[in-house]
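These notes concern the structure reproduced below.
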Amino acid sequence: MPFSPGPVMLDVVGKTLTKDDVRRLAHPMTGGVILFARHFESREQLVALTGAIRKVRDDLLIAVDHEGGRVQRFRTDGFTVLPSMGKLGALWDADVLLATKVATAVGYVLASELRACGIDMSFTPVLDLNYGQSQVIGDRAFHRDPRVVTMLAKSLNHGLALAGMANCGKHFPGHGFAQADSHVAMPVDERSFDEILQQDIAPYDWLGLSLQAVLPAHVIYPKVDGKPAGFSSVWLQTVLRERLRFTGAIFSDDLSMEAARQGGTLTEASMAALAAGCDMVLICNQPDEAGKVLDALRDKRPKASRQRLKAMRPRGNALEWDKLMKQPMYVEAQATLKAALG
């Protein structure tokens, strides 16, 4: 099947596909599937689920939020329980070079295990700065210092790349300063553009070509724009595309979150995010509502948008789980993690 994904990433109802799931996956406006802990019972079941999705459409991106620490969807039946990124930041403070080595090992283990189960990408790394005041970010962030965040993210991205997986930095331009949780409220960051540029945006700039995708924050920065970043052409076009010269893919954060609703429908939110510059929008935990969006949307994205998403596909063949367990690079990565983190 030629690569022609639509602009919507959605989830499926359960651990196996229903007829309605199949209908939604086959819809031309569908471009990806995001999985959660509720989709996981065992590795065997997960492989069967991703395989069933591929039978419907082999051009869909299958993704998951699998960062390590608090945000890791699959944690049993052989999956390595990965450290929070904050632990890697603490390791940096003790031993810079060891921290970069461990970050690469974390990226490799994370990506190779997911790919062995048929998953294309994880929405990682978190590039937010840990100001010590955001409960939803907290130790999901590597560090307070944008230089440390950049170097550890670059090392993690290297590990992902060694396993053939693309990366996605989040939450642009930065969710670490705003206190509210965008899942349930609308966070507001009152700082000036220059302050955000010098601090939170710096990792996005410094990572340069090693950053392949970005996921913007559902946060309003009123001194820059009255719209949340994921719906703002100022943030996505003027700042990210033009000022930072970012050429990768832009994924919206979950449009089902409270901070994305803005009083409108999911269809209106999807259209607004795509118009602002997102290449793909995420609608999570509401498959029926996502189906309504699919029927209402018209794909107006330029060809370049599809090409950016095509670049997110994994590279090279993934090893099956049993072969991965014996692969020298994987064995060495595991040894690195155990030696450094116990």
Side-chain angles (χ1 to χ4, degrees), residues 65-72 75 79-113 122-163 165 167-179 181 187 189 191 194-212 214-215 217 219 329-330 332-342:
D65 282 316
H66 203 79
E67 303 165 8
R70 284 179 290 139
V71 181
Q72 181 178 338
R75 310 173 70 91
F79 273 97
T80 303
V81 178
L82 298 164
S84 69
M85 298 303 97
K87 283 191 176 177
L88 299 185
L91 190 59
W92 172 284
D93 290 336
D95 187 331
V96 170
L97 293 178
L98 177 61
T100 61
K101 179 182 179 182
V102 173
T104 301
V106 168
Y108 186 76
V109 170
L110 184 164
S112 59
E113 290 182 354
S122 171
F123 288 107
T124 191
V126 171
L127 299 181
D128 301 314
L129 307 186
N130 187 2
Y131 289 94
Q133 58 194 41
S134 171
Q135 290 185 345
V136 72
I137 301 300
D139 66 358
R140 293 169 66 191
F142 288 105
H143 208 272
R144 165 63 183 84
D145 188 332
R147 298 169 298 179
V148 178
V149 170
T150 302
M151 296 309 294
L152 287 175
K154 196 162 192 173
S155 294
L156 185 100
N157 287 352
H158 184 201
L160 298 177
L162 288 171
M165 183 177 283
N167 61 69
C168 180
K170 61 187 186 185
H171 306 81
F172 179 83
H175 201 318
F177 193 83
Q179 294 186 26
D181 179 351
D189 187 335
R191 292 176 299 162
D194 283 345
E195 190 173 354
I196 298 167
L197 183 69
Q198 290 168 15
Q199 294 288 327
D200 304 62
I201 292 177
Y204 294 89
D205 185 12
W206 290 333
L207 282 167
L209 294 174
S210 67
L211 187 63
Q212 292 165 279
V214 163
L215 186 147
V219 176
M329 190 182 296
Y330 178 84
E332 172 57 27
Q334 287 285 9
T336 296
L337 297 187
K338 188 170 183 180
L341 301 169

So which atom in [X] and which in [Y] form the shortest heavy-atom distance, rounded to 0.1 Å?
| X | Y | value |
| --- | --- | --- |
| L337 | A105 | CD2-CB, 3.9 Å |
| H175 | I137 | O-CG1, 3.8 Å |
| I201 | P173 | CG1-CB, 3.6 Å |
| V102 | A340 | CG2-CB, 3.4 Å |
| V149 | L127 | CG1-O, 3.7 Å |
| C168 | F123 | SG-CD2, 3.7 Å |

Please round to the nearest 0.5 Å and tell me the distance separating atom [atom1] of [X] and atom [atom2] of [Y].
| X | Y | atom1 | atom2 | answer |
| --- | --- | --- | --- | --- |
| R75 | H66 | CZ | NE2 | 8.5 Å |
| D200 | F177 | CG | CZ | 8.5 Å |
| L91 | L341 | CG | CG | 6.5 Å |
| Y108 | Q334 | OH | CD | 11.0 Å |
| R147 | L152 | CZ | CG | 12.5 Å |
| Y330 | E113 | OH | CD | 3.5 Å |

Do the side chain of [X] and the main chain of [Y] share a donor and acceptor less than 3.5 angstrom apart?
| X | Y | value |
| --- | --- | --- |
| N167 | Q212 | yes |
| D128 | A141 | no |
| Q72 | T80 | yes |
| S134 | N130 | no |

Start with the C-alpha gap between M85 and L156, add the side-chain angles, then the distance that decides, and say whether side-chain contact (heavy atoms from CB on, under 4.5 Å) holds. CA-CA 10 Å; M85 298 303 97; L156 185 100; 4.2 Å; yes

Pair L207-K154, side-chain contact (heavy atoms from CB on, under 4.5 Å): steps then yes or no: CA-CA 7 Å; L207 282 167; K154 196 162 192 173; 3.8 Å; yes

When you look at CZ of R144, are more than 12 heavy atoms from neighbouring residues, nucleotides or ligands closer to it than 6.0 Å? yes

Given side-chain contact (heavy atoms from CB on, under 4.5 Å), test L129 with Q199 step by step and report yes or no. CA-CA 8 Å; L129 307 186; Q199 294 288 327; 4.0 Å; yes

Would you say that T336 contacts T104 through its side chain, given a criterion of any heavy-atom pair below 4.5 Å between the two side chains? no

Run the salt-bridge test on R140 and D65 with the 4.0 Å N-O cut-off and return the result as yes or no. no

Before giving the answer on side-chain contact (heavy atoms from CB on, under 4.5 Å), spell out for F142 and V126 the whole-Å C-alpha distance, their side-chain angles and the decisive distance to 0.1 Å. CA-CA 8 Å; F142 288 105; V126 171; 5.8 Å; no

